[in-house]
> 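Would you mind keeping the following structure in view while I ask a few things?
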Amino acid sequence: MTPPEYAAKVLTKFQPLLDRTPPRKLFLKDKNIFYIGGDLKFASKTTRDKMDFVRKKGGTVVPVYDPSIVTHIVTDTTPIPTLKALALKSLTEIPDHIPTVLWSWITSGNRGKLEFEWMHAAFSSRIDADSSKRSSKGKEAQFPRQVAGTVSGGVTNSSVIDDDHHPQTPSSSLHPSSAAPPFSSAANPPQRTRHASQQCNGPEGDPLAEYYALAAADQESAESNDSSDGEMPMDEVVKQSRRGFTCDQRNTDNGHCLNQGIIDKLQELMELHKEKLSDHDRWRVFSYSKTIRALRNHPVQIKSYEQARAIKGVGDKTARKIEEIIQTGELRRIDWEKTPDVESIKNFKGIYDVGPHTAYQWYNAGCRTLDDVKARKGGITLTPTQKIGVEYYDDINSRMPRSEAEQIFNKIKPIALEIDPMLFIEIMGSFRRGKADCGDIDILITRPTHDGKTHAGVIRSLLTELHVRQIITEDLATPDNFDGLEATYRGLCRLDFRSRRRRIDILAVPYESRGAALLYYTGDDIFNRAIRYKAGSMGYSLNQRGLFTAVARDPNDRRKKLTKGYVIASETEEEIFKILNVPWQEPHERVRAV
DNA sequence: GGGCTGTACTG
DNA sequence: CAGTAC
DNA sequence: GCCC
């Protein structure tokens, strides 16, 4: 039997099953899927199982590719056979509203909600294809929709993934979700709400499933509300928007850039300043990184001092440097800053728990290399944490493929749920932002309280258990209070006994703080600083516990708070964005780092 | 001249 | 408290 | 470093 023949047959199968399945479990409802297993002539067992699965989850298996009907192309194979099955000559002929995704996108629905399509893009060239780009009318009406059950998710051929970005990952990896983030993000708030609602058909087991849905609904109903409800004089509001906060605008492009030459030189200079000791240098780095970010997003090639100067964040000094780069192709300041200490300091700071101060102390004691440090040259001493930092120097300074973070998390999550099945436990950080590789694993833990219970004590049990199972191998910093609702843990972990050590952070927060915590632990760093800065400039204060108002600050020292103020938002990310008048951005859109 | 995020852990 | 990390 |  051919795949189209079987697809046609699937449409009539499972109807009784579909009729008695709760609609919330049918996460493929309204999805018209054209599936390509690889063999065009014969529907293999795997292909048949997969088509069955789609149907059982409420999806429609479309027998013939018709772009006006199909909402998603799911492929387990490479471009050539895929195109053959579609009867097309080039991938570019597929409309932008039809994503080409891997099978893993389908099975991601098993975890409570379908993940973003770009996270499972089968071909990097079509990573921006997005079903939310489809005009909302005239679609998906032709086919009946219903149904559900369970079936094993298939294994995916990941050789189709463009894994240029993480060469250390063998192409035999079975984790196709390690696709790179999209180069540009076209999402906007109205589409986002649609995204969110299409993703909230979680199993009852996910305590936050409804929270995501509610948050999305909140946002929708609040769209027209003016955020400045009388608190603030109008002219001040205007002034703020003129200033422009880094958290407000998405990065427009990550690809090649017209000002790459300038960027390279400024970046080189910035890297040198990073290794210097003074506060002055620290702020220079802050400033350069802002300039570089602006240049990355700058649509035209800069050819003059004036043009450079016109960019927000570029002052006289930097504009002069840019001018020099344009005219000579060089930047003399780079050689000037390339002092002999830079290399040593950089290496020392690569040790966990070694910052500028310690690095210079060691340098002044006569250390120049890591071996000098290991030999305690000059009589230097190391803290216990620093010793761990030295021992696992290479591990800690390398990134792991997204799939490894996922695998480690998949070991930890069941252990946590065994302690308390009501826990909310998710990976945050760069993983949540969809990065193809992760520097560490950030795990957020909380628990709904409507049954009168909390997650107090869970952190202690979980850490104990993870130590026993040798998943966590070293502690770097342990919580002040192991039994509270709030806890911060930092350590090293590993997937199995022959894997590298990986940095892991486990954070627990009270349930009411989950939105603020989600926001903070998702980052990225620069986005966080920017949104906190904006909050501060609007008279609020934002931290991982919530957005606070009426915070009285010491007039002599603005950073000192005299009163805590009171929480005005903390349960959802959406309400915090809304109050701060920051356009909604999905985690993968919150990337600001250069 | 002062701000450029705000907090937790370590010794 | 200073230093470090996120 | 930049901005106020």
Side-chain angles (χ1 to χ4, degrees), chain A residues 239 242-247 266 269-270 272-274 276-292 294 308-309 311-322 333 337 348-349 351-361 381-386 389 396 428-430 439-442 444 475-482 484 486-491 503-509 513 516-517 519-537 540-548 551 553 555-561 564 593:
Chain A
K239 202 168 152 194
R242 193 167 53 86
R243 237 196 282 177
F245 295 89
T246 300
C247 54
L266 289 181
L269 182 55
M270 178 176 78
L272 295 170
H273 280 297
K274 272 188 188 168
K276 309 283 171 171
L277 185 57
S278 72
D279 262 11
H280 200 138
D281 286 290
R282 231 162 52 76
W283 292 117
R284 275 182 181 130
V285 171
F286 180 82
S287 182
Y288 283 137
S289 77
K290 233 175 151 179
T291 299
I292 290 169
R309 199 54 236 273
I311 298 171
K312 183 159 42 81
V314 177
D316 174 58
K317 311 272 262 300
T318 304
R320 267 155 44 192
K321 291 185 177 70
I322 291 175
R333 180 68 177 265
E337 298 290 350
F348 296 166
K349 285 208 300 177
I351 301 170
Y352 190 90
D353 203 29
V354 173
H357 187 86
T358 312
Y360 271 94
Q361 211 166 279
T381 59
L382 276 67
T383 67
T385 311
Q386 288 163 352
I396 293 174
M428 315 297 293
S430 52
D440 65 1
I441 302 175
D442 293 297
L444 178 66
D475 296 333
L476 297 171
T478 52
D480 266 350
N481 176 7
F482 279 82
E486 221 173 291
T488 309
Y489 171 84
R490 301 187 201 290
R503 281 276 300 105
I504 183 167
D505 292 346
I506 299 177
L507 310 131
V509 300
S513 307
L519 177 58
Y520 175 57
Y521 296 122
T522 298
D524 64 17
D525 297 2
I526 295 170
F527 181 87
N528 280 344
R529 287 173 69 165
I531 195 169
R532 287 177 177 211
Y533 180 59
K534 182 170 188 181
S537 74
Y540 302 118
S541 173
L542 177 63
N543 61 27
Q544 55 271 53
R545 291 190 266 274
L547 181 61
F548 295 78
V551 183
R553 287 183 149 96
N556 296 322
D557 185 354
R558 290 271 306 152
R559 287 160 304 181
K560 275 208 175 71
K561 287 186 216 151
K564 278 194 321 208

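Computed from a prediction, not measured in an experiment: that's the story for all the values here.
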> For Ile322(A) and dG1(D), give me the distance from atom CD1 to atom P, rounded to whole Å.
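My rounded result for the distance is 12 Å.
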> Answer with base, sugar-phosphate or nothing: what part of the nucleic acid does Glu486(A) contact at a heavy-atom distance below 4.0 Å?
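Here Glu486(A) touches the backbone only, sparing every base.
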> Going by heavy atoms in the side chains, are His273(A) and Arg333(A) under 4.5 Å from each other?
yes
> If I take atom CD1 in residue Ile311(A) and atom P in nucleotide dC2(D), what distance separates them, rounded to the nearest angstrom?
12 Å
> Of the nucleotides dC2(D), dC6(C), dA8(B), which one has an atom closest to the side chain of Tyr352(A)?
dC6(C)
> Answer yes or no on whether Arg532(A) is positioned over the face of Tyr520(A), meaning its NZ or CZ is under 6.0 Å from the six-membered ring centre and within 45° of the axis.
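Yes, a cation-pi geometry.
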> Do Tyr521(A) side-chain and dC6(C) base share a donor-acceptor contact under 3.5 Å?
no
> Which of these nucleotides, dG1(D), dC4(B), dC6(C), is closest to any side-chain atom of Tyr520(A)?
dC6(C)
> Which is true for Asp281(A) with a 4.0 Å heavy-atom rule: it touches a base, it touches only sugar-phosphate, or it touches nothing?
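No contact.
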> For a salt bridge (Lys or Arg N to Asp or Glu O under 4.0 Å) check, start with the C-alpha distance between Asp525(A) and Arg529(A), then their side-chain angles and the critical distance, and finish with the verdict.
CA-CA 6 Å; Asp525(A) 297 2; Arg529(A) 287 173 69 165; over 6 Å; no
> Nearest to the side chain of Thr488(A), which nucleotide is it out of dA8(B), dG6(B), dC6(C)?
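Looking only at heavy atoms from C-beta outward on Thr488(A), the closest nucleotide is dA8(B).
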> Between Thr383(A) and Asp353(A), is there a side-chain donor-acceptor contact under 3.5 Å, judged purely by atom types and distance?
yes
> Side chain of Asp353(A), heavy atoms from C-beta onward: which of dT4(C), dT7(B), dG1(D) has the nearest atom to it?
dT4(C)
> Is the distance from OP1 or OP2 of dC2(D) to the nearest side-chain N or O of Thr291(A) less than 4.0 Å?
no
> Mind checking whether Ile292(A) and Ser289(A) have side chains closer than 4.5 Å, heavy atoms only?
no
> Please measure how far the P atom in dC6(C) lies from the corresponding atom in dG3(B), and state the result in whole Å.
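Going atom to atom, P in each nucleotide, I get 26 Å.
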> Has Asn528(A) got a side-chain N or O lying under 4.0 Å from the OP1 or OP2 atom of dT5(B)?
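For Asn528(A), the contact criterion (side-chain N or O under 4.0 Å from OP1 or OP2 of dT5(B)) is not met.
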> Under 4.0 Å from OP1 or OP2 of dT4(C): is there any side-chain N or O of Arg282(A) that close?
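Result: no.
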> Which whole-number value in Å describes the distance from Tyr489(A) OH to dC9(B) C1'?
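Interatomic distance, OH of Tyr489(A) to C1' of dC9(B): 13 Å.
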> Check every atom of dA8(B), dT4(C), dC6(C) against the side chain of His357(A) and return the nucleotide holding the closest atom.
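The listed nucleotide nearest to His357(A)'s side chain is dT4(C).
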> Students often get this wrong, so: under 4.0 angstrom with heavy atoms, is Leu542(A) touching a base, only sugar-phosphate, or nothing?
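Sugar-phosphate contact only - Leu542(A) comes under 4.0 Å of backbone atoms but never of a base.
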> In whole Å, what is the span from the CG atom of Asp279(A) to the C1' atom of dG2(B)?
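Spelled out: CG on Asp279(A) to C1' on dG2(B) is 12 Å.
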> Which nucleotide in the set dT5(B), dG1(D), dT7(B) lies at the smallest distance from any side-chain heavy atom of Arg529(A)?
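Within the option list, the nearest is dT5(B).
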> Can you give me the closest heavy-atom contact between Leu547(A) and Ala535(A), atom names plus distance?
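For Leu547(A) versus Ala535(A), the nearest heavy atoms are CD1-CB, 4.1 Å.
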> Can you tell me, in whole Å, how much space there is between the P of dC4(D) and that of dT5(B)?
16 Å
> How would you label the contact of Asp505(A) with the nucleic acid (heavy atoms, under 4.0 Å): base, sugar-phosphate, or nothing?
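The answer is sugar-phosphate, as Asp505(A) gets under 4.0 Å only of primed atoms, P, OP1 or OP2.
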> Closer than 4.0 Å, any side-chain N/O of Thr358(A) to the OP1 or OP2 of dT4(C)?
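Looking at the OP1 and OP2 atoms of dT4(C), one of them is under 4.0 Å from a side-chain N or O of Thr358(A).
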> Taking the side chain of Lys317(A) as heavy atoms from C-beta outward, which of dT5(B), dC6(C), dC2(D) is closest to it?
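Side chain of Lys317(A) sits closest to dC2(D).
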> Nearest to the side chain of Thr478(A), which nucleotide is it out of dT7(B), dG11(B), dT10(B)?
dT10(B)
> Would you kindly give the NZ-to-C1' distance between Lys349(A) and dG3(C), to the nearest whole Å?
13 Å
> Is there a donor in the side chain of Asp475(A) and an acceptor in the side chain of Tyr489(A), or the other way round, less than 3.5 Å apart?
yes
> OP1 or OP2 of dC3(D) sitting under 4.0 Å from any side-chain N/O of Arg309(A)?
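The answer is yes; a side-chain N or O of Arg309(A) sits under 4.0 Å from OP1 or OP2.
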> Whole Å only: how far is the CD atom of Gln361(A) from the C1' atom of dA2(C)?
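The answer, rounded to whole Å, is 11 Å.
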> With a 4.0 Å cut-off on heavy atoms, is Val354(A) in touch with a base, just the backbone sugar-phosphate, or nothing at all?
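Sugar-phosphate only.
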> Could you tell me the separation between the CD1 atom of Ile506(A) and the C1' atom of dA5(C), rounded to a whole number of Å?
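Taking atom C1' of dA5(C) as the reference, CD1 of Ile506(A) is at 16 Å.
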> Are OP1 or OP2 of dG1(D) and a side-chain N or O of Tyr288(A) less than 4.0 angstrom apart?
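Yes, Tyr288(A) has a side-chain N/O under 4.0 Å of OP1/OP2 on dG1(D).
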> So what does Asp480(A) touch, heavy atoms closer than 4.0 Å: a base, only the sugar-phosphate, or nothing?
sugar-phosphate
> Could you please name the option among dC9(B), dG1(D), dT5(B) that lies closest to any side-chain atom of His273(A)?
dG1(D)
> Pick base, sugar-phosphate or nothing for Ile351(A), based on heavy-atom distances below 4.0 Å to the nucleic acid.
sugar-phosphate
> Does some side-chain heavy atom of Ile396(A) sit less than 4.5 Å from a side-chain heavy atom of Arg503(A)?
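They are in side-chain contact.
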> With respect to the side chain of Ala477(A), which nucleotide from dT5(B), dT10(B), dC6(C) is positioned closest?
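Output: dT10(B).
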> Does a side-chain N or O from Arg503(A) land closer than 4.0 Å to OP1 or OP2 of dC6(C), or not?
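Result: yes.
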> Between Trp283(A) and dC4(B), do the rings stack, that is, sit under 5.5 Å apart with planes less than 30° off each other?
yes
> Using atom CG of Leu266(A) as one end and atom P of dG1(D) as the other, report the distance to the nearest whole Å.
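One finds 11 Å between P of dG1(D) and CG of Leu266(A), rounded.
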